[in-house]
Novice: 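I'd like to ask some things about the structure below.
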Amino acid sequence: MTTIELNNLSIKNYLAELNIHPVKDRGYYGMYHSPFRTDNNASLKVDYQKNLWIDFGSNQGGTMIDLVMRLDNSTLKEAISKLECRYADLQTGNNPSNQPESFSFHGNNHLEKVENNQQSGISIQKIVPITNQALLDYLTERKINIDIAKHHCNEVHYSANNKPYFAIGFKNDADGYTLRNKYAKVCTASDITTHKKSDTNTEACIVFEGFMDYLSYLTMKNIQHSKVDVVVLNSISNLSKAMDFITSHQKIYTYLDNDGAGKNATQQINKYSSTHNCIHIDKSTDYANYKDLNDWLCKTKLKEKEQQVQKQEQTRKPSRGIRR
């Protein structure tokens, strides 16, 4: 799958899936409120014919891939992988809102487009407790408590196009898995994951974008389970599926990403909360200078380690006696 083909995917349609719509639509171009910042002037222009965008407020612009990189604060490799997954959906005619999501696997500096799960050689071989050292190292790198991760996730071995893969698997409500390792983030079926304390509990709900943020939250709190209900979107595109569950609670705490897509989703939850008489608390302000909750956790742990090293070095320094 070439970058030219990926950049031919409609920017207008992509933004619409994120519930970002033009304020002014001239037929061949549209003006949008910039999703990258507070923008009252609708200074983002999308040229529908050339399929290019430009943000006049920041003087940034480019192709579809550039847009995904900017929205998600992601690398080129991550943006291509995400668009490959979308391309596979379009090729197989799947509707992402109600059909299992197609696959896109990447790793070790190469990309592969994989066809629809039901029509290809993709299959889960086995699901076991997490013991693979590479996966344990990846969790440690992300500063996730290993015991907590083992409690909520599994080690999933699967094949795609007759090639073996393995990843950390997080199960969703459709009995599918979000699969993640150091090189890939894919899913076997696109759906949310809900953890409900009881059928009668409507007091509070915590919302996470991905399971790494959920595990980060539990690691920070040093608990294996949340004390209130939880929903993990597993993808911002699943927000509509989670809205009924979210707004069935009196209080809603959101821990979404600090990128354009995350902020837009936070605004949507805030809007729906007000119409359902729910109290919404946006917790992303607690890590406003970081990409997401896991990014905050990683850098906080790094600072703590640096401080410990400095403290140890200071205690090892010999004290200078008074010379007579």
Side-chain angles (χ1 to χ4, degrees), residues 1-91 94-97 101-106 111 113 184-187 190 209-210 213 233-240 256-269 284 288-292 295:
M1 184 62 189
T2 68
T3 57
I4 294 176
E5 290 173 304
L6 293 177
N7 281 328
N8 283 336
L9 295 174
S10 170
I11 292 176
K12 180 181 181 181
N13 291 345
Y14 187 84
L15 290 174
E17 288 187 5
L18 298 177
N19 205 26
I20 301 173
H21 302 283
V23 177
K24 298 178 182 178
D25 195 322
R26 301 305 187 194
Y28 60 96
Y29 78 90
M31 299 301 300
Y32 296 72
H33 291 301
S34 175
F36 312 130
R37 54 190 167 75
T38 302
D39 176 24
N40 297 321
N41 298 320
S43 55
L44 179 80
K45 178 181 178 180
V46 176
D47 188 315
Y48 303 148
Q49 295 179 338
K50 296 180 180 179
N51 204 41
L52 297 172
W53 63 276
I54 182 169
D55 184 350
F56 293 108
S58 62
N59 200 31
Q60 293 179 311
T63 63
M64 167 65 88
I65 294 176
D66 295 321
L67 178 68
V68 175
M69 290 174 64
R70 183 71 174 84
L71 281 171
D72 297 346
N73 191 25
S74 62
T75 64
L76 173 63
K77 188 175 182 179
E78 291 169 339
I80 289 175
S81 177
K82 184 172 185 177
L83 288 173
E84 283 257 314
C85 189
R86 171 175 166 75
Y87 175 82
D89 278 327
L90 293 175
Q91 288 295 94
N94 287 342
N95 182 349
S97 65
E101 192 169 290
S102 297
F103 288 76
S104 169
F105 295 89
H106 66 100
L111 295 171
K113 181 175 75 69
K185 180 182 179 183
V186 295
C187 60
S190 182
E209 186 166 331
D213 291 323
L233 300 178
N234 294 313
S235 170
I236 284 293
S237 62
N238 289 330
L239 178 60
S240 60
L256 302 184
D257 292 3
N258 281 316
D259 56 16
K263 289 182 180 298
N264 183 65
T266 300
Q267 292 173 0
Q268 291 301 311
I269 292 174
S284 67
N289 296 323
Y290 301 87
K291 177 184 176 182
D292 53 34
D295 184 42

Novice: Is any side-chain heavy atom of Met31 less than 4.5 Å from a side-chain heavy atom of Pro22?
Specialist: no
Novice: Do Lys45 and Phe56 meet the cation-pi criteria used here (NZ or CZ under 6.0 Å from the six-membered ring centre, within 45° of the axis)?
Specialist: no
Novice: Shortest non-hydrogen contact from Asp259 to Leu71?
Specialist: CB-O, 2.6 Å
Novice: Quick one: does Asp257's side chain have a donor or acceptor within less than 3.5 Å of a partner on Glu209's backbone?
Specialist: no
Novice: Which heavy atom of Val68 sits nearest to which heavy atom of Ser74, and what is that distance?
Specialist: O-OG, 3.7 Å
Novice: Can you tell me how far OG1 of Thr63 sits from CG of Leu52, rounded to the nearest 0.5 angstrom?
Specialist: 7.5 Å
Novice: Does Tyr14 reach the side chain of Val46, with side-chain heavy atoms less than 4.5 Å apart?
Specialist: no
Novice: Given Asp39 and Ser34, is the side-chain hydrogen bond (donor to acceptor under 3.5 Å, both in side chains) satisfied, shown in steps?
Specialist: CA-CA 6 Å; Asp39 176 24; Ser34 175; 4.9 Å; no
Novice: Which value, rounded to the nearest 0.5 Å, describes the distance between Ile20 atom CD1 and Leu44 atom CG?
Specialist: 8.5 Å
Novice: With distance as the sole test, does Asn258 use its side chain to make a donor-acceptor pair with the main-chain N or O of Asn289 at under 3.5 Å?
Specialist: no
Novice: Can you list every salt bridge (Lys or Arg N to Asp or Glu O under 4.0 Å) pair that touches residues 54-68, not counting sequence neighbours?
Specialist: Arg37-Asp55
Novice: Do His21 and Asn19 come close enough that some side-chain heavy atom pair is under 4.5 Å?
Specialist: yes
Novice: How long is the span from the CE atom in Met64 to the CG atom in Asn13, to the nearest 0.5 Å?
Specialist: 8.0 Å
Novice: If you round to the nearest 0.5 Å, how far is CG of Asp213 from CG of Asp292?
Specialist: 4.5 Å
Novice: Looking at Asn41 and His33, what are the two nearest heavy atoms and their distance?
Specialist: N-ND1, 4.3 Å
Novice: Which residues pass the salt bridge (charged side-chain N to carboxylate O under 4.0 Å, His left out) test with Lys291, sequence neighbours left out?
Specialist: none
Novice: Ignoring hydrogens, what is the shortest heavy-atom contact between Thr75 and Met69? Give both atom names and the distance.
Specialist: O-CG, 3.9 Å
Novice: Is a side-chain N or O of Asn51 found less than 3.5 angstrom from the main chain of Leu9, in a donor-acceptor match?
Specialist: yes
Novice: To the closest 0.5 Å, what do you measure between OH (Tyr32) and CG (Leu15)?
Specialist: 5.5 Å
Novice: Taking side chain as C-beta onward, heavy atoms only, is Glu78 less than 4.5 Å from Asp72?
Specialist: no
